[in-house]
Participant: 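Have a look at this one.
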Amino acid sequence: LASGMAVWATSAGVPVIASATPALKAQLDGVAGWVPPDDPVALGEAIAQHLEAPAKLTKLAAQAQSRLLAERNDQAVSSALLKLVTKGQG
């Protein structure tokens, strides 16, 4: 799952099960299901567990969506950009 797709899924409130790569962990740490990279058996098992008991990942999906929307709203982006610009001037 590419980082962009993980963000898209998160913004839509879709539960994410992903390879525990640095890029994805940086985006979704604490709000996704993780499996070792290049381990299709672990991925299959994680998906099966989610289908049998979806509550945990569904809760994580809601948390991820809330966090993403809070971090990526216009005000948050403008504030971060302003900090970068003023930091460069000081």
Participant: Could you report the tightest heavy-atom contact between A20 and P37, atom names first, then the distance?
Facilitator: O-CG, 3.9 Å
Participant: With hydrophobic residues grouped by side-chain heavy-atom distances under 4.5 Å, do L60 and L43 end up in a single group?
Facilitator: yes
Participant: Taking all non-hydrogen atoms of both residues, which atom of Q65 and which atom of A12 are closest, and how far apart?
Facilitator: NE2-C, 3.7 Å
Participant: Calculate, to the nearest 0.5 Å, the distance between atoms CD and NZ belonging to Q49 and K56 respectively.
Facilitator: 8.5 Å
Participant: S19 and P36: which non-hydrogen atoms are nearest, and at how many Å?
Facilitator: OG-O, 4.2 Å
Participant: What closest approach, in Å, do A9 and V16 show between heavy atoms, and which atom pair accounts for it?
Facilitator: CB-CG2, 3.9 Å
Participant: Listing request: all salt bridge (charged side-chain N to carboxylate O under 4.0 Å, His left out) pairs with a residue in residues 15-26, at least two apart in sequence or in separate chains.
Facilitator: K25-D29
Participant: Do I17 and W34 come close enough that some side-chain heavy atom pair is under 4.5 Å?
Facilitator: no
Participant: Can you see which heavy atom on A32 is nearest to which on L57, and at what distance?
Facilitator: C-CD2, 4.2 Å
